[in-house]
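Working notes for the structure below.
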There are 2 protein chains.
Amino acid sequence: MNALADQKLGAADIAALIRREISKGSLQLHDRLPPERVLSETYGAARGTIRKALTHLEKEGFVETRAGSGTYVVHKPDETSASAIENATPLELMDTRFALEPHICRLAVLHGRHSDFDRMEDLCNRMEDCLDDPVGFSDADTDFHRALAECTRNGLLIWMLDQIANVRSEDDWTRMRHLTLDSRTIGIYNVQHRQILNAVRTREPERAANIMKEHLETARLSLTRASET
Amino acid sequence: MNALADQKLGAADIAALIRREISKGSLQLHDRLPPERVLSETYGAARGTIRKALTHLEKEGFVETRAGSGTYVVHKPDETSASAIENATPLELMDTRFALEPHICRLAVLHGRHSDFDRMEDLCNRMEDCLDDPVGFSDADTDFHRALAECTRNGLLIWMLDQIANVRSEDDWTRMRHLTLDSRTIGIYNVQHRQILNAVRTREPERAANIMKEHLETARLSLTRASET
DNA sequence: CGAATTTGAACCAATAGTATACCAGAACTT
DNA sequence: AAGTTCTGGTATACTATTGGTTCAAATTCG
């Protein structure tokens, strides 16, 4: 139905396009849509068609239309910041970390400074004192990963990692994660952290990234193991 | 901010602009807005229109107006879209895309469906009709990358990519980016988009990821080339 | 073919927007 | 302290724009 369609758009197609604009956020709450006559031009459809699409969207509650004034968005993009983050599942989170953190390692190799590495060294020591303290380990772990991100000197990346950390600090999660943190697991993590730090220090980008992948894979395994029980 | 250019701004449009300034943080708590007569000039609208916009914002609780004194901001900015996003540089952005998008390709291979691919196909066609229309291309391009992200079925990843798209839509950027978009460059991008789509379709994760890296590398090059001139 | 949809146009009624003038209170200057 | 300047508040008359409606012809699609 959609493969070749760029010329003739039906009312349903247009409704779909606008609906997408809204849930994507390009059209935000209280925004006014362009007038029907303009939409008719931009979508290459007659005004009546646009009108049907809008009527449909109005029934669905995406939009409200006021005579003589315009058509307005009445629908919060379901999730924006808040619930996209709040509703993230553990697996979604892991996949996102798989995207970000190996590359963060590579950039850390490029931009990291001695002071960064010293700080990470401290955090490694702190974590190694936490073999039997899941909570303390967890805090230091978060700090370690953030310190690594700070090496990149990239505010956007750091910010994204912080968003992830916010997800991780949701209550039930923290509890679940602590379940998986026996002293054996913490020991493994500590070794991996050290290896990552060393690889970054000796400026081996791919090695650092690969160890990070291993590290995340380990974490994912213990996560799935925990959710099976 | 909508499909319309910058000619005729209605009260709703102006309200939207100011609302965004506030939630973005450019207008901070207790700041005083310019006088209505000035706003009227800067937005090219009559004072009555400005007035309607402000009244609307006051009802929404963004702003408080005191006769004889001025109109003041009464609303904290969204903490999510804080400074990290607004101050991101083009290179920071590219590095972040380098982290996210290749991995998004891999996950798209895992979770993408036919309907996703059809939609991306449509977008490829749309982009190929835009060899001489940088603005149209740019919009379709953003949609393409988002559609790819949607394949992952990972709300967190999609949300992160949206944040990036928000950075990219900052005004000065859009201008800069359009400078780099001659029809030759657009042609190259189109080929790469097709290749990515095909690799995802044929379920070749690493191939898809590698082409995405190439794609981003191309984009980074034309960016640095543009900023040298 | 036949039903459903889309089109294009004209007209209506509601609302928004423009331009101007004047008022009263707040803030600043002297 | 007094006066000037700036600010939002209000009113009005006119124009422009917008959605609402209708209808017949053209098009699409099963």
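A note on names: the letters A, B, ... follow the listed sequences, proteins ahead of strands, and every chain is numbered from 1.
- Here the P atom of nucleotide C:dA26 and the OH atom of B:Y72 are 12 Å apart, to the nearest Å.
- Heavy-atom neighbours of A:R113 CZ from other residues, nucleotides or ligands within 6.0 Å: at or below the threshold of 12.
- In this structure, B:A11 and B:T49 approach most closely via the heavy-atom pair N-CG2, 3.6 Å.
- In terms of the ring pair (Phe, Tyr, Trp, His ring centres under 6.0 Å) criterion, B:F117 has no residue partners (sequence neighbours excluded).
- Here D:dT17 presents its P atom at 17 Å from CG of A:L39, a figure rounded to the nearest Å.
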### Message
Show, in sequence, the C-alpha distance, side-chain angles and deciding distance for B:D182 and B:T185, and conclude whether the side chain to side chain donor-acceptor pair (under 3.5 Å) test is met.
### Response
CA-CA 5 Å; B:D182 52 54; B:T185 311; 2.7 Å; yes
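- In terms of modelled atom types and a separation under 3.5 Å, the side chain of B:R32 and the main chain of B:S69 share a donor-acceptor contact.
- Ranking D:dT7, D:dT10, D:dG19 by closeness to the B:R51 side chain, first place goes to D:dT10.
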Kindly give the atom pairs (protein nitrogen or oxygen, nucleotide nitrogen or oxygen) under 3.5 Å for nucleotides 17-23 of chain C.
unit_1, atom_1, unit_2, atom_2, d
C:dG17, OP1, B:A11, N, 2.7
C:dT18, OP2, B:A46, N, 2.7
C:dT18, OP2, B:T49, OG1, 2.4

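- A salt bridge is absent between B:R19 and B:E21; no separation between the charged side-chain nitrogens and carboxylate oxygens falls under 4.0 Å.
- Ring geometry for B:H215 against B:H193 counts as perpendicular: the plane angle is over 60°, on a 0 to 90° scale with 30° as the lower cut.
- A salt bridge is defined here as a Lys NZ or Arg NE, NH1 or NH2 lying under 4.0 Å from an Asp or Glu carboxylate O, and B:E150 with A:R20 meets this definition.
- One can place CD1 of B:I50 at 15 Å from P of C:dA16, the figure rounded to the nearest angstrom.
- Ion pairing between B:R220 and B:D95 holds under the 4.0 Å rule for side-chain N and carboxylate O.
- Rounded to whole Å, atom C1' of D:dG19 lies 10 Å from atom CG of A:L54.
- For DNA chain C, the neighbouring residues in residues 57-71 of chain A, judged by any heavy atom under 4.0 Å, are A:A67, A:G68, A:S69.
- No donor-acceptor pair closer than 3.5 Å links the side chain of A:D31 to the backbone N or O of A:L27.
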Return the polar atom pairs (N/O with N/O) between nucleotides 1-3 of chain D and the protein under 3.5 Å, or none.
none

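- Under a 3.5 Å cut-off, the side chain of B:E92 and the backbone N or O of A:G155 do form a donor-acceptor pair.
- Salt-bridge formation is detected for the pair B:R194/B:E121: a Lys NZ or Arg NE/NH1/NH2 atom is positioned less than 4.0 Å from an Asp or Glu carboxylate oxygen.
- In this structure B:E217 satisfies the side-chain hydrogen bond (donor to acceptor under 3.5 Å, both in side chains) test with no other residue, sequence neighbours excluded.
- The distance between atom NE2 of B:H56 and atom C1' of C:dA16, rounded to the nearest whole Å, is 13 Å.
- What separates CD of A:E41 from P of C:dA9 is a distance of 13 Å, to the nearest Å.
- Relative to the axis of its first five pairs, the axis of the last five pairs of the helix from C:dC1-D:dG30 to C:dT30-D:dA1 sits at 50°, rounded to 10 degrees.
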